[in-house]
Amino acid sequence: MINTPRKAVALISGGLDSMLAAKTIQSQGIVVEGLNFFTGFCVEGHTSAIRNKTKSKPKRNNALWVAEQLGIKLHIIDVVEEYKNVLLNPRYGYGANLNPCLDCKVFMISKAKTWMVENNFDFIITGEVIGQRPKSQKKSTMPLIAKHSGADDRLLRPLCAKFLPPTLPEREGWVKREQLHDFTGRSRKPQIQLAKQHDIEDYAQPAGGCCFLTDKNYSTKLLDLWKAQGERKYELDDIMLLKVGRHIRPEKHFKLIVGRDEGENNYLQGYRKEFDSMLSTSHLGPLVLIDGQPSAEEYHLSAQILGRYSDCLPNELCHIELRTKTGLITQLEVTPFTAEEFEEKSWLI
C-alpha cells in the first residue's frame, strides 16, 4: 500500500519567516502549498513597484517570488470586503496604530482552515515566532489564535514549535518535532543562520512588516479620511490612494494628493476621470488629484501648493492646467508658496 504524502498549507507573506517555515516542513517530505491574502493594505507589489526611488531593487511581489523559490503553488485570495469588519470592529483592539494584528491573524488562519478542509489538506503552518510581535506573537496569544480561528492543533508554527505543546501533525508522526525549531524574540540571527543552511541568500527584509496599517503616517491618513467622510468606511481605491503621494488638506472639505516622482504621477494618471486634477504646463512638477469640491479661490490655493512642489521658483509665475474629471480645462497663473510659507500652514497630513 502506497502512503499518500501529508499536505500542509502555508501562510506566505513574502518575508523570510514564512519562507523558512515552509522550507522546514518541505524538508520533511510534506507537500506544501501557499496562501496569500490580499486585504488592500498589503505593502507587497504596490508602492515598491510604483516609486522610482527603488530602481536598484527588483520589482517583484515577494510572496510570489518566495513560492517560486520554494517550488510551490501560491493561491492569492482577495479578502478586501471581508477584511473591513476585521479592521473596523477588532475584537482585540489595535496595536500601536490602526493595526488589528491579533484579529487579523485569527481571521487569516480561519480562512486558511476553511481552505484546508475544502482542498483536503492536513494542517496549517505559519512563520510566527514567539516574542517577535508585541500583540499577535506572544506565547499567551498563540493558543488563543489557534482556538478562535478554529484551526486548533492543526496549526503548526515550525520556527517556535519547541516552545509550544505538540500539535496533531507532531503527535501523529507526520512531522518530526526534533527537526522543528526553538526561535524566540526579535533577533533575526537564528533565521539568518537557518537561511544560510538552506542556501537562501536573497529574501525580503522584514523589519517594516507587510501591512500599511502598522505605519503611523498611513494610519494618520486613514483617520483623516474617516473624519472627512464623517464615518468609518472605505473602498479599495480609497486605501490604495493613501499609499501614494503627499496628502495635503487645506480645508475640511477637500484635500490634494501630490505625486512624489514620475512613477507616482503615472499611477495617479489612472484616476483623472474620477478626480479633478492639476499639473504645471510651464515647469516640471507633480500631478495633483483634488479630492472634494474646492471653491474658485481654493483652486487657486491648490495651484500655489502644486507650484511649491514644482521647479517654479517663488518669484516666478507658474502656469497650471486645471482639468475637471469630465474633461473641462481651465488655465491658472499663480506664484507658488515658498517652502517656509507652506510649512507654516500645517496642511500636510
Side-chain angles (χ1 to χ4, degrees), residues 40 45-53 55 212 217-218 220-222 224-230 233-339 341-349:
H46 187 79
T47 302
S48 62
I50 293 171
R51 298 208 66 187
N52 289 355
K53 69 177 185 178
K55 283 182 177 178
F212 271 103
N217 292 331
Y218 185 90
T220 298
K221 287 186 279 190
L222 182 54
D224 172 79
L225 173 71
W226 289 342
K227 183 178 180 181
Q229 291 178 159
K233 67 174 186 178
Y234 64 86
E235 298 302 327
L236 180 59
D237 278 340
D238 295 329
I239 59 175
M240 296 299 275
L241 282 170
L242 292 181
K243 303 175 184 180
V244 180
R246 296 179 178 90
H247 288 241
I248 298 167
R249 188 173 293 282
E251 297 291 345
K252 291 189 293 186
H253 59 278
F254 80 99
K255 77 170 180 178
L256 310 178
I257 304 174
V258 182
R260 290 173 290 186
D261 59 27
E262 183 183 7
E264 289 196 338
N265 286 346
N266 291 338
Y267 182 79
L268 294 176
Q269 284 278 358
Y271 288 91
R272 294 188 78 185
K273 290 185 178 180
E274 298 177 46
F275 297 90
D276 292 351
S277 60
M278 285 182 168
L279 53 79
S280 172
T281 57
S282 59
H283 297 78
L284 188 66
L287 175 65
V288 174
L289 299 185
I290 303 168
D291 186 4
Q293 296 296 321
S295 65
E297 293 79 8
E298 289 164 344
Y299 276 123
H300 189 273
L301 177 77
S302 301
Q304 288 182 286
I305 294 171
L306 187 161
R308 178 262 178 271
Y309 287 105
S310 76
D311 286 348
C312 186
L313 298 175
N315 59 349
E316 292 183 321
L317 282 178
C318 189
H319 298 274
I320 305 294
E321 179 182 282
L322 165 64
R323 188 174 107 176
T324 67
K325 55 190 173 185
T326 58
L328 181 65
I329 294 175
T330 304
Q331 302 296 330
L332 302 174
E333 192 174 75
V334 300
T335 302
F337 283 113
T338 65
E341 288 171 337
F342 179 75
E343 192 72 28
E344 289 176 1
K345 302 293 185 181
S346 300
W347 288 333
L348 192 63
I349 300 171

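The residues of the chain are indexed from 1 along the displayed sequence. Everything numeric here is computed off the predicted structure, so don't read it as measured data. Quick note: numbers below take in every heavy atom, side chains included, and nothing from hydrogens, waters or symmetry partners.
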Legend entry - Shortest non-hydrogen separation from A303 to L332 and the atoms involved: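 Looking at all heavy atoms of both residues, the closest pair is CB-CD1, 4.0 Å.
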
Inset, instruction - Working to the nearest 0.5 Å, report the span between CD1 of I248 and CD1 of I290. - result: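 Spacing of CD1 (I248) from CD1 (I290) equals 11.5 Å.
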
Legend entry - Side-chain (T324) to main-chain (L328) donor-acceptor, under 3.5 angstrom: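 Yes; at least one donor-acceptor contact below 3.5 Å.
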
Legend entry - CE on M278 to OG1 on T330, rounded to 0.5 Å: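 Reported to 0.5 Å precision, the distance equals 9.0 Å.
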
Inset, instruction - Could you tell me whether the side chain of I239 reaches within less than 4.5 Å of the side chain of F212, counting heavy atoms only? - result: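 No, their side chains stay 4.5 Å or more apart.
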
Inset, instruction - Examine distances only and state if a side-chain atom of E264 and a backbone atom of G245 form a donor-acceptor pair shorter than 3.5 Å. - result: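 Yes; judged by distance alone, with no hydrogens or angles, the pair exists.
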
Inset, instruction - Starting at NZ of K233, measure out to CG of D238 and round the result to the nearest 0.5 Å. - result: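 Atom-to-atom, K233:NZ and D238:CG are 8.5 Å apart.
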
Inset, instruction - May I ask you to decide if T335's main-chain N or O and Q304's side chain share a donor-acceptor pair within less than 3.5 Å? - result: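 It does hold such a pair.
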
Legend entry - Close side-chain approach of R246 and R260, heavy atoms under 4.5 Å: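 Yes; the side chains approach each other to less than 4.5 Å.
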
Legend entry - Spacing of CG belonging to L242 relative to NZ belonging to K221, to within rounding of 0.5 Å: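 Reported to 0.5 Å precision, the distance equals 6.5 Å.
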
Inset, instruction - Kindly give the heavy-atom pair with the smallest separation between G292 and F254, and that separation in Å. - result: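 Smallest heavy-atom distance, with atoms named: CA-CB, 3.9 Å.
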
Inset, instruction - Taking the side chain as every heavy atom from C-beta outward, state whether H319 and Q331 have any atom pair closer than 4.5 Å. - result: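 No, too far: nothing below the 4.5 Å cut-off.
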
Legend entry - Donor-acceptor pair, side chain of Y234 and main chain of L225, under 3.5 angstrom: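 No; zero donor-acceptor contacts below 3.5 Å.
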
Legend entry - Spacing of L279 atom CG and I320 atom CD1 [to the nearest 0.5 Å]: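 The CG atom of L279 sits 7.5 Å away from the CD1 atom of I320.
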
Inset, instruction - Side-chain contact test, heavy atoms from C-beta onward, threshold under 4.5 Å: evaluate it for L322 versus I329 and give yes or no. - result: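 A side-chain contact is absent here, since even the closest heavy-atom pair is not under 4.5 Å.
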
Legend entry - Side chain proximity check, H283 to C318, heavy atoms < 4.5 angstrom: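 Contact flag for H283/C318 side chains = yes.
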
Legend entry - Separation of R308 CZ from E341 CD (nearest 0.5 Å):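 Result: 10.5 Å between the selected atoms.
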
Inset, instruction - Compare every heavy atom of H253 with every heavy atom of E298, then report the nearest pair and how far apart it is. - result: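 E298 and H253 have their closest heavy atoms at OE1-NE2, 2.8 Å.
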
Legend entry - Parallel, tilted or perpendicular: ring planes of W347 versus F337, cut at 30 and 60 degrees: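 Judged by the thresholds at 30° and 60°, the geometry between W347 and F337 is perpendicular.
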
Legend entry - K243 and Y267, any side-chain heavy atoms less than 4.5 Å apart: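 No. Closest side-chain heavy atoms not under 4.5 Å.
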
Legend entry - Closest heavy-atom pair and its distance - V288, L256: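 It is CG1-CB, 3.9 Å.
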
Legend entry - 4.5 Å side-chain heavy-atom contact, V244 and M240: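 Heavy-atom side-chain distance check fails, nothing below 4.5 Å.
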
Inset, instruction - Could you tell me whether the side chain of D276 and the main chain of K325 form a donor-acceptor pair under 3.5 Å? - result: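 Pair found, side chain donor or acceptor close to backbone of K325.
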
Inset, instruction - Look at atom CD of Q269 and say whether more than 12 heavy atoms of other residues, nucleotides or ligands are closer to it than 6.0 Å. - result: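 For Q269, atom CD is crowded (more than 12 foreign heavy atoms under 6.0 Å).
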
Legend entry - Derivation of the side-chain contact (heavy atoms from CB on, under 4.5 Å) call for V334 and L317: CA-CA 6 Å; V334 300; L317 282 178; over 6 Å; no

Legend entry - side-chain hydrogen bond (donor to acceptor under 3.5 Å, both in side chains) evaluation trace for S277 with R272: CA-CA 6 Å; S277 60; R272 294 188 78 185; 2.9 Å; yes

Inset, instruction - Return the minimal non-hydrogen interatomic distance between I305 and P250, and the atom names on each side. - result: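 Looking at all heavy atoms of both residues, the shortest contact is CD1-CG, 3.9 Å.
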
Legend entry - Within-4.5 Å side-chain heavy-atom neighbours: F275 and L241: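 Yes - at least one pair of side-chain heavy atoms lies under 4.5 Å apart.
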
Inset, instruction - Answer yes or no: is there a donor N or O on one side and an acceptor on the other, between the side chain of E316 and the main chain of L313, under 3.5 Å? - result: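 Such a contact is found between E316 side chain and L313 backbone.
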
Inset, instruction - With side-chain hydrogen bond (donor to acceptor under 3.5 Å, both in side chains) as the test, would you mind laying out the steps for K255 and H247 before giving the verdict? - result: CA-CA 7 Å; K255 77 170 180 178; H247 288 241; 2.9 Å; yes

